[in-house]
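Order of listing sets the numbers, starting from 1, for every ligand and every atom in it.
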Amino acid sequence: MAKLLVLTLVGLGLKLFRDPQSSYETRLNAFREVKPVELPNCNFIKEIEDGSEDLEILPNGLVFISAGLKYAGFKYFDTNKPGKILLVDMNEEDPTVLELRIIGNTFNLSSFNPHGISTFTDEDNTVYLMVVNHPDLQSTVELFKFQEEKSLLHLKTIRHKLLPNLNDIVAVGPEHFYATNDHYFVNLYLKFWERYLGLAWSYIVYYSPNEVKVVADGFDFANGINLSPDGKYIYIAEMLSHKIRVYEKHANWTLTLLKSIVLNTLVDNISVDPVTGDLWVACHPDGMKIFHYDAKKPLPSEVLRIENILTEEPKVTLVYAENGTVLQGSTVASQYKGKLLIGTVFHKALYCKL
Ligand SMILES: *[C@@H]1O[C@H](CO)[C@@H](O)[C@H](O)[C@H]1NC(C)=O
Ligand SMILES: *[C@@H]1O[C@H](CO)[C@@H](O)[C@H](O)[C@H]1NC(C)=O
Ligand SMILES: *[C@@H]1O[C@H](CO)[C@@H](O)[C@H](O)[C@H]1NC(C)=O
Ligand SMILES: *[C@@H]1O[C@H](CO)[C@@H](O)[C@H](O)[C@H]1NC(C)=O
């Protein structure tokens, strides 16, 4: 309620003292041109046509992909079909796609709308998959167990008042995770004003069955979140301020901000190379095209690699950039044995040799 009042006052204040439209365009990095950076040997993964929003590669090369996201304000092609989780094997020369069967009578398949995903592997090598879901535009986390016969057994649905606008998730235990809320308000109209005015009320939550708490806030659209290979640091993409924030994670699960890296693009998902610790970040060079879709102006794609992020001088390399003629709206990129897999909000998935 207090924030609603503040939103109204801030809105009036901004109208008087500065032009929210120009600040909005700066935050969206609107109209930036993309100079192409190509990779040799790229192919589409056949059969992926309606999004590959998030993906996670297991150490054995199996990849979980969430597909068919319908997110208010973003474009999506097939409005009737529910979303799904796909499985791809990076060891195959020309990977084929398997749709994972979802088992369990506790889950409503027809409203499945998967967004960010994350896996957790326990000491017995059981793989758990956590999926941010938006059934009827709400936010839940669905917990699944991956079964050898290539199915997902639904274990439970997690809802919490501190998880109203979930975007991405990173698992730190079988039922323990950090998650990003990309907005404070749930109401679509208030969300728009929150984003338009740049109020930076988006926040990060730690969840476990015993304790749920806000561990970081003040984000201008918190998006992708991931963990360093040693589990000591958390990386969060703050999309509309074009930043990757680096946090130290403490034993009591609180986070302390160590630094931020500012990039000239809207940062979406972060995947972390389990061996080198490098960050692979998929980005939207021009946010105007993602929040205000126009079929005549395709969304460009961009992938960055960040090496030595914890040092004084991290190395940032633009690995792939394309104006949307080939691949529209990259959201995630992940590397496995010299092959890069790039996913998108609502378009295809591209697979390149590095
Ligand atoms: C499952 O989701 C659909 C689509 O949102 C909805 O119409 C239906 O009532 C839901 N079924 C149950 C059992 O909740
Ligand atoms: C990838 O980006 C999407 C879109 O914002 C987000 O919901 C998803 O959780 C992200 N995944 C990762 C691995 O960061
Ligand atoms: C959590 O741990 C950190 C580092 O040890 C400490 O600074 C902080 O006060 C602790 N917070 C709480 C709420 O216990
Ligand atoms: C995108 O790039 C391609 C190849 O560089 C070029 O042929 C095409 O005209 C460009 N399209 C747009 C919309 O800029």
Side-chain angles (χ1 to χ4, degrees), residues 29-40 42 44 68-72 75-76 78-85 102-115 131-142 154 156-159 162 172 176 178 186 188 203-208 210-217 227-228 230-234 246-258 265 283-290 292-303 318-330 342 344 347-348 350 352:
N29 218 10
F31 319 119
R32 201 193 100 195
E33 293 285 325
V34 175
K35 282 206 208 94
V37 174
E38 290 175 13
L39 282 172
C42 288
F44 290 116
L69 172 71
K70 297 161 195 70
Y71 179 92
K75 165 77 188 160
Y76 44 87
D78 197 330
T79 47
N80 294 320
K81 271 198 243 153
K84 51 202 172 186
I85 302 292
I102 294 181
I103 300 172
N105 52 18
T106 48
F107 188 62
N108 188 347
L109 274 174
S110 57
S111 61
F112 191 29
N113 188 4
H115 200 172
V131 180
V132 169
N133 186 16
H134 300 297
D136 305 310
L137 302 181
Q138 299 159 16
S139 279
T140 62
V141 172
E142 309 295 342
H154 186 244
K156 71 182 330 185
T157 297
I158 296 169
R159 294 171 202 274
L162 287 179
V172 289
H176 310 61
Y178 289 95
V186 176
L188 284 180
Y203 56 99
I204 316 303
V205 168
Y206 168 71
Y207 179 95
S208 74
N210 311 321
E211 187 187 21
V212 188
K213 59 187 177 188
V214 175
V215 288
D217 59 11
L227 195 62
S228 64
D230 60 10
K232 289 186 183 160
Y233 303 95
I234 293 268
V246 181
Y247 286 86
E248 188 178 350
K249 168 171 147 300
H250 301 294
N252 59 18
W253 305 104
T254 61
L255 303 178
T256 308
L257 183 65
L258 286 185
T265 184
C283 312
H284 307 288
D286 176 352
M288 198 53 104
K289 291 186 173 145
I290 180 153
H292 306 277
Y293 182 78
D294 175 353
K296 289 193 262 1
K297 297 182 192 149
L299 279 74
S301 288
E302 203 166 62
V303 176
L318 179 59
V319 177
Y320 179 80
E322 202 278 319
N323 65 16
T325 311
V326 177
L327 191 71
Q328 296 197 37
S330 55
I342 311 173
T344 61
H347 197 227
K348 304 180 182 197
L350 194 70
C352 304

Can you pull out the closest protein heavy atom to [atom]? Residue, atom name and distance to 0.1 Å, please.
atom                    : value
atom 4 (C) of ligand 3  : His250 ND1, 3.5 Å
atom 14 (O) of ligand 3 : Asn252 ND2, 3.1 Å
atom 5 (O) of ligand 1  : Asp136 OD1, 2.8 Å
atom 12 (C) of ligand 1 : Asn108 ND2, 3.3 Å
atom 6 (C) of ligand 4  : Asn323 ND2, 4.2 Å

query: Taking C-beta and beyond as the side chain, do Lys35 and Leu318 meet within less than 4.5 Å on heavy atoms?
result: no
query: So which heavy atom on Ser110 is nearest to which on Pro82, and how close?
result: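 Minimum heavy-atom separation between Ser110 and Pro82: O-CB, 3.8 Å.
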task: Indicate whether any N or O donor in one side chain lies under 3.5 Å from an N or O acceptor in the other, for Thr140 and Glu142.
output: yes
query: Around atom CD of Glu33, are there more than 12 heavy atoms of other residues, nucleotides or ligands at under 6.0 Å?
result: no
field: Whether over 12 other heavy atoms sit under 6.0 Å from Lys213 NZ
entry: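 Yes, the 6.0 Å shell around NZ holds more than 12 heavy atoms from other groups.
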- prompt: Under 4.0 angstrom from atom 2 (O) of ligand 3, is there any protein heavy atom?
  reply: yes
message: Could you check whether atom 9 (O) of ligand 3 has a protein contact, counting only heavy atoms that fall below 4.0 angstrom?
response: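 Given the 4.0 Å limit, the answer for atom 9 (O) of ligand 3 is no, no protein heavy atom qualifies.
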- request: Can you sort out which atoms of ligand 1 are near Ser110, meaning under 4.0 Å from one of its heavy atoms?
  value: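 The atoms of ligand 1 under 4.0 Å from a heavy atom of Ser110 are 1 (C), 2 (O), 3 (C).
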- prompt: Pick from Asn105, Thr106, Asn108: which one makes a side chain to side chain donor-acceptor pair (under 3.5 Å) with His154?
  reply: Thr106
